[in-house]
K.L.:
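Take this structure first; my questions come after.
Chain letters run A, B, ... following the sequence lines, proteins first and then strands; every chain starts at 1. Keep in mind that what you see is a predicted model, and the values were worked out from it rather than measured. Note: hydrogens, waters and symmetry copies are ignored here, and every other heavy atom, side chains too, is used.
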Protein chains: 2
Amino acid sequence: MRIGDLARQAGVDVQTVRYYEREGVLEAPARTAAGYRSYGAHDVERLTFVRHCRSLDMSLADIKRLLALAGDATVACDDVNALIDAHLERIHAKRLALEALEVQLGALRAQCSSGRRIANCGILEELVHAAHGEACACHQSLAASEEQG
Amino acid sequence: MRIGDLARQAGVDVQTVRYYEREGVLEAPARTAAGYRSYGAHDVERLTFVRHCRSLDMSLADIKRLLALAGDATVACDDVNALIDAHLERIHAKRLALEALEVQLGALRAQCSSGRRIANCGILEELVHAAHGEACACHQSLAASEEQG
DNA sequence: CGAGACCCTCAAGCTACTATAGGGTCAAGC
DNA sequence: GCTTGACCCTATAGTAGCTTGAGGGTCTCG
């Protein structure tokens, strides 16, 4: 099967497949005489596995680790559990940060009604005013929750 | 005031100030004979305003628009309201997507207990199994909520 | 043998920074 | 006057996960 077929079956772009290969998430396949990549059914499975993990917002680095772990059936799967736990924790922190952000923005939006002029726009006032004081903490925690580690 | 002082007062890195200037978020300041950037109190205010908007996770493009709008006091501030509304909507969608993701991951994590081997790890089973069926929709909506409009 | 669909590699673009390299400037102390 | 250290300058590359584009080769049908 050629790269276009593989990509169609997994629902990804052809370029994405090549990118995954470059990143070591997919193994480099055999090549035809003309240099075309040649895939089998196993590759469809692996790529779809990768896409499912990505749909859960896992990083490619985590997915690589997961694939490495999945390769050895005799190993204890505590590492898999730990990886998922850590990921879950990151998602949780990010959600809390977004919730705080939404509250902040809702409050900000309530400062200005339609029909006003910039000169007395409540939102800009609030933003400038807040700029003189201390910044809100929500984005710091959002940024902290972004760092994959 | 030199760039280091400005950066300290706004709580950002010196490189970030130069980056903002390059991106047109901050105006290019006057230079000393030696080529050093020279700032005034107004620049501290503007930079701190930018940082507050960033703490609300607004894009630099949005902040530029906001600054342009804020420049003309006589204009109606419906555009400001619309910008904040759109941003709020993105944050809201992102939070919903993250909530769904958290549920999905929680369910996945519950599939495997400690002490098992990879061969019968419930998480990997679930991930492979799900890979054969259709993927969950949570990341699609997350991705959709990422695209800044 | 030509057209269109497919494949290849390499490089750049996206966001908002951060970090590094390689160099110039300035003020204080000896 | 000279050194030391803190500061400044530009330019370039790296981060994550792709997407887009250039410039070219291959395959297959009619």
K.L.:
Is A:Leu96 linked to B:Leu88 within one hydrophobic cluster, defined over Ile, Leu, Val, Met, Phe, Trp and Tyr using a side-chain heavy-atom separation of less than 4.5 Å?
P.N.:
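They do not share one cluster, since no chain of ILVMFWY contacts under 4.5 Å joins A:Leu96 to B:Leu88.
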K.L.:
To the nearest Å, how far apart are A:Ile63 CD1 and D:dG17 P?
P.N.:
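About 8 Å, once rounded to whole Å.
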K.L.:
Going hydrophobic residue to hydrophobic residue with side-chain gaps under 4.5 angstrom, can you get from B:Leu108 over to A:Leu67?
P.N.:
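Yes, because B:Leu108 and A:Leu67 connect within a single hydrophobic cluster, where side-chain heavy atoms sit under 4.5 Å apart.
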K.L.:
A:Thr32 or B:Ala34: which one's nearest nucleotide on DNA chain D is closer to the 5' end?
P.N.:
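Comparing both residues, the 5'-ward one is B:Ala34.
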K.L.:
Is the phosphate of C:dC17 approached by B:Arg54 (side-chain N or O, under 4.0 Å from OP1 or OP2)?
P.N.:
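Checking B:Arg54 against C:dC17: at least one side-chain N or O falls below 4.0 Å of OP1 or OP2.
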K.L.:
Rounded to whole angstrom units, what separation is found between the CZ atom of A:Arg31 and the C1' atom of C:dC6?
P.N.:
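These atoms are roughly 15 Å apart.
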K.L.:
Categorize A:Arg37 for me: base, sugar-phosphate, or nothing, with a 4.0 angstrom heavy-atom threshold over every strand shown.
P.N.:
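Sugar-phosphate: the residue A:Arg37, judged by heavy atoms under 4.0 Å, touches backbone atoms but no base.
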K.L.:
For B:Tyr19 and C:dC14, give me the distance from atom OH to atom P, rounded to whole Å.
P.N.:
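After rounding, the gap between these two atoms is 10 Å.
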K.L.:
Of the options D:dC18, C:dC17, D:dC8, whose atoms approach the side-chain atoms of B:Leu60 most closely?
P.N.:
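Selected nucleotide: C:dC17.
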K.L.:
Starting at atom CG of B:Asp62, determine the distance to atom P of C:dC14, rounded to an integer number of angstrom.
P.N.:
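Between P of C:dC14 and CG of B:Asp62: 16 Å.
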K.L.:
Can you sort out which residues in residues 6-17 of chain A have a heavy atom within less than 4.0 Å of DNA chain C? Ascending by number, please.
P.N.:
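Hits under 4.0 Å, by residue number: none.
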K.L.:
Taking all atoms of both residues into account, what is the closest heavy-atom pair of A:Leu47 and A:Ala10, and its distance?
P.N.:
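Where A:Leu47 meets A:Ala10 most closely, the heavy atoms are CD2-CB, 3.4 Å.
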K.L.:
Between protein and nucleic acid, restricted to nucleotides 1-6 of chain D and to nitrogen or oxygen atoms under 3.5 Å apart, what atom pairs and distances do you find?
P.N.:
none

K.L.:
Is any side-chain nitrogen or oxygen of B:Arg22 closer than 4.0 Å to OP1 or OP2 of C:dT15?
P.N.:
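For C:dT15, OP1/OP2 do not have a side-chain N/O of B:Arg22 under 4.0 Å.
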K.L.:
Quick one: which of C:dC17, D:dC27, C:dC26 gets closest to the side chain of B:Tyr36?
P.N.:
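That would be C:dC26.
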K.L.:
If Ile, Leu, Val, Met, Phe, Trp and Tyr residues are connected whenever their side-chain heavy atoms lie under 4.5 Å apart, and connections chain through other members, are B:Leu26 and B:Val12 in the same group?
P.N.:
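They do share one cluster, since a chain of ILVMFWY contacts under 4.5 Å joins B:Leu26 to B:Val12.
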K.L.:
For A:Cys121, does its backbone N or O pair with a side-chain atom of A:Arg117 as donor and acceptor, under 3.5 Å?
P.N.:
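Not confirmed, A:Arg117 side chain does not pair with A:Cys121 backbone.
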K.L.:
Scan B:Arg18 against the nucleic acid and name what it touches under 4.0 Å (heavy atoms): base, sugar-phosphate only, or nothing.
P.N.:
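The residue B:Arg18 makes base contact.
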K.L.:
Measure CG/B:Asp5 against P/C:dC26 and give the value in whole Å, please.
P.N.:
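Computing the B:Asp5:CG to C:dC26:P distance gives 15 Å.
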K.L.:
Grab the CG-C1' distance between B:Asp57 and C:dT15 for me, whole Å please.
P.N.:
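Spelled out: CG on B:Asp57 to C1' on C:dT15 is 11 Å.
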K.L.:
Would you state whether a donor and an acceptor, one from the side chain of A:Tyr20 and one from the base of D:dG17, lie under 3.5 Å apart?
P.N.:
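Per atom types, no contact qualifies.
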K.L.:
Between C:dC7, D:dC18, D:dC9, spot the one nearest the side chain of B:Ile3, thanks.
P.N.:
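Nearest listed nucleotide: D:dC9.
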K.L.:
Is there a side-chain contact between B:Leu56 and B:Ile91 (heavy atoms, below 4.5 Å)?
P.N.:
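No, too far: nothing below the 4.5 Å cut-off.
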K.L.:
With distance as the sole test, does A:His87 use its side chain to make a donor-acceptor pair with the main-chain N or O of A:Asp62 at under 3.5 Å?
P.N.:
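Judged by distance alone, no pair lies under 3.5 Å.
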K.L.:
Report the C-alpha distance between A:Met1 and A:Val44 in whole Å, list the side-chain angles of each, state the deciding distance to 0.1 Å, and finish with yes or no for side-chain contact (heavy atoms from CB on, under 4.5 Å).
P.N.:
CA-CA 10 Å; A:Met1 155 186 3; A:Val44 178; 3.8 Å; yes
K.L.:
Go through the side-chain N and O atoms of A:Arg46 and A:Tyr39 and say whether any donor and acceptor fall under 3.5 Å apart.
P.N.:
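There is no such pair between these side chains.
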K.L.:
Any non-hydrogen side-chain atom of A:Arg8 less than 4.5 Å from a side-chain atom of A:Val14?
P.N.:
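The answer is no; the side chains never approach within 4.5 Å.
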